[in-house]
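For clarity, every value in this text was computed on a predicted model and none was experimentally measured.
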Amino acid sequence: MSIDKYEIDLVNSSEIFDETEIIDSVVLGGGRTSFYCKNQGKRFWLRIVHNGFEDQPYKEGYWPGGLYLNEKLLGVHSKEEKQIIDLLLKIKIPECWYTIHYK
């Protein structure tokens, strides 16, 4: 595996458009789902934290219920959060994943 396979670009939510593709995903038993994405040649992570204690940060500072763009926690009900949620509703899933998960 190439060391730079999962390098990310510095992007903000206004630079991400509808033609985003999920390149890879990771679901961790500890309660974090990460999507490695590509959009117009730029690569970035979207992370969703499912579990943890509400009064303390989750491992590595991730907050439960948090939505992250790369390492940045997006504000609840913020413009950025809305843009990313809208993106997730339209995101492209690699066709090969359908053959893996739905035979």
Side-chain angles (χ1 to χ4, degrees):
M1 179 171 82
S2 170
I3 192 75
D4 65 346
K5 180 179 178 182
Y6 294 106
E7 285 185 1
I8 57 174
D9 296 301
L10 297 176
V11 296
N12 61 52
S13 61
S14 63
E15 296 176 281
I16 301 171
F17 302 98
D18 292 345
E19 296 299 317
T20 298
E21 178 182 358
I22 296 175
I23 299 170
D24 202 355
S25 67
V26 178
V27 178
L28 299 175
R32 186 172 67 211
T33 302
S34 297
F35 299 102
Y36 180 62
C37 304
K38 179 173 69 172
N39 179 272
Q40 297 185 353
K42 294 188 177 186
R43 298 172 292 181
F44 57 93
W45 283 100
L46 294 176
R47 290 185 175 96
I48 302 166
V49 179
H50 308 282
N51 299 326
F53 299 104
E54 292 184 19
D55 60 340
Q56 300 176 26
Y58 188 66
K59 292 178 185 176
E60 298 179 24
Y62 295 113
W63 286 93
L67 175 61
Y68 291 79
L69 172 57
N70 293 332
E71 298 298 324
K72 180 184 176 194
L73 175 62
L74 303 180
V76 176
H77 304 297
S78 67
K79 180 180 175 182
E80 288 180 310
E81 181 191 59
K82 181 177 179 354
Q83 289 172 321
I84 297 300
I85 290 172
D86 288 345
L87 171 75
L88 288 169
L89 293 171
K90 303 173 197 172
I91 205 160
K92 290 182 180 181
I93 297 172
E95 190 173 323
C96 66
W97 289 11
Y98 291 109
T99 59
I100 293 168
H101 299 290
Y102 301 103
K103 295 185 181 206

What heavy-atom pair brings [X] and [Y] nearest, and what distance separates the two atoms?
X	Y	answer
Asn39	Ile16	OD1-CA, 3.9 Å
Glu81	Gly75	CB-O, 3.4 Å
Cys37	Ile91	SG-CD1, 4.1 Å
Ile23	Lys38	CD1-CB, 3.3 Å
Tyr36	Arg43	OH-CD, 2.9 Å

Can you tell me how far apart [atom1] ([X]) and [atom2] ([Y]) are? Round to the nearest 0.5 Å.
X	Y	atom1	atom2	result
Glu80	Leu73	CD	CG	10.0 Å
Leu46	Ser13	CG	OG	10.5 Å
Leu87	Lys82	CG	NZ	12.0 Å
Ile84	Ile48	CD1	CD1	10.5 Å

In terms of heavy-atom contacts, does CG of Leu10 have more than 12 from other residues, nucleotides or ligands at under 6.0 Å? no
Using the side chain to side chain contact (heavy atoms under 4.5 Å, CB included) criterion, which residues pair with Lys79? Sequence neighbours excluded. Gln83
Qualifying residues under side chain to side chain contact (heavy atoms under 4.5 Å, CB included), relative to Asn70, sequence neighbours excluded: Ile8, Val11, Phe44, Trp45
Do Val49 and Val27 sit in one hydrophobic cluster, given that two such residues count as connected whenever their side-chain heavy atoms are within less than 4.5 Å of each other, even indirectly? no
Should Val26 and Thr33 count as side-chain neighbours, where that means a heavy-atom distance under 4.5 Å? no
